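Remember, it's a predicted structure, so these values are computed and weren't measured experimentally.
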Amino acid sequence: MASTACFVIVSKNDIPIYEAEVGSAPKKEDMSYHHQFILHAALDVVQDLAWTTNAMFLKSVDRFNDLVVSVYVTAGHTRFMLLHDSRSEDGIKSFFQEVHELYIKIFLNPLYLPGSRITSSHFDTKVRALARKYL
């Protein structure tokens with residue numbers, strides 16, 4: 001069974017700084033816009049939940065048909081959002097934690113301007129490898 005997964009990192013100013021279609025389902029151009037719309041719609045729910053809990057992993061915060069939005073919020077209020085149709089919550093949490101470590105490495109790079117798009121091919125390759133491993 002093909003899995004659908006769309007991963008986005010959103011800065012604290014609600015600007016997407018990284019996007020990747022990481023599922024094994026066939027990719028269609030119109031579906032990527034559909035996924036972006038679902039994730040964007042979930043931002044309000046994420047913002048409300050982020051201020052009411054101390055947990056970084058907010059689990060599933062929104063649902064659209066058979067797709068679920070899971071979110072991980074960093075201490076700097078950067079949101080890692082995953083739109084998926086899988087059920088492995090432990091795998092999703094591990095995926096978020098390892099991507100957070102990669103994000104910290106990017107963030108600590110003196111040449112990276114916080115809030116700007118992440119264009120590193122190394123980062124993209126690692127995120128996709130983690131998605132294959134955990135999702």
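Every residue was checked against the salt bridge (Lys or Arg N to Asp or Glu O under 4.0 Å) condition with Asp44, not counting sequence neighbours, and none meets it.
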CA sep, side-chain torsions, deciding dist, call: Val71, Phe57, side-chain contact (heavy atoms from CB on, under 4.5 Å): CA-CA 6 Å; Val71 179; Phe57 179 51; over 6 Å; no

Criterion side-chain contact (heavy atoms from CB on, under 4.5 Å) on Tyr72 and Val99, from CA distance to verdict: CA-CA 10 Å; Tyr72 183 94; Val99 170; over 6 Å; no

Pair Ile106-Ser120, side-chain contact (heavy atoms from CB on, under 4.5 Å): steps then yes or no: CA-CA 9 Å; Ile106 290 285; Ser120 168; 4.1 Å; yes

Test log, rule side-chain contact (heavy atoms from CB on, under 4.5 Å), inputs Thr78 and Val10: CA-CA 6 Å; Thr78 300; Val10 181; over 6 Å; no

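Nearest heavy-atom pair, Val8 versus Pro16, reported as atom, atom and distance to 0.1 Å: CG1-CB, 4.1 Å. Between Ala131 and Val22, the closest heavy-atom pair is CB-CB, 3.6 Å. Contact detail for Val61 and Val45: the closest heavy-atom pair is O-CG1, 3.6 Å. Nearest approach of Tyr112 to Gly115, heavy atoms of both residues: OH-N, 3.7 Å. Closest approach of Ser70 and His84 over heavy atoms only: OG-NE2, 2.7 Å. Closest approach of Phe7 to Leu82, counting heavy atoms only: CB-CD1, 4.0 Å.
One N or O on the side chain of Arg128 and one on the backbone of Glu21 form a donor-acceptor pair closer than 3.5 Å. Judged by distance alone, the side chain of Arg79 and the main-chain N or O of Leu43 form no donor-acceptor pair under 3.5 Å. With Asn109 contributing its side chain and Leu111 its backbone, the two residues share a donor-acceptor pair below 3.5 Å.
Residues Ser116 and Ile17 are not in side-chain contact: their nearest non-hydrogen atoms beyond the backbone lie 4.5 Å or more apart. A 4.5 Å side-chain heavy-atom check between Tyr18 and Thr119 finds every atom pair outside the cut-off.
Side-chain atoms of His100 and Thr74 include no donor-acceptor pair closer than 3.5 Å. For Tyr134 and Asp90, the side-chain atoms include no donor-acceptor pair closer than 3.5 Å.
Between the NZ atom in Lys59 and the CG atom in Leu49 there is a gap of 12.0 Å [rounded to 0.5 Å]. With rounding to the nearest 0.5 angstrom, the CE atom of Met81 is 10.5 Å from the CD1 atom of Ile38. Note that CG of Leu102 and CZ of Phe107 are 15.0 Å apart. Values are rounded to the nearest 0.5 Å. Here the OG-CD distance, from Ser60 to Glu89, works out to 6.5 Å after rounding to the nearest 0.5 Å. The distance from atom CD1 of Ile118 to atom CG of Asp124, rounded to the nearest 0.5 Å, is 10.0 Å. Between the CG atom in Asp85 and the CG atom in Asn65 there is a gap of 11.5 Å [rounded to 0.5 Å].
Clustering of Ile, Leu, Val, Met, Phe, Trp and Tyr side chains at separations under 4.5 Å leaves Trp51 isolated, with no partner residue.
Close placement of the Phe80 and Tyr103 rings is indicated, their centers lying within 6.0 Å of each other.
Counting only residues at least two apart or in different chains, salt bridge (charged side-chain N to carboxylate O under 4.0 Å, His left out) contacts with residues 96-119 comprise Glu19-Arg117.
Val68 and Val46 fall into different hydrophobic clusters, where Ile, Leu, Val, Met, Phe, Trp and Tyr residues are linked whenever their side-chain heavy atoms come under 4.5 Å apart, directly or through other members.
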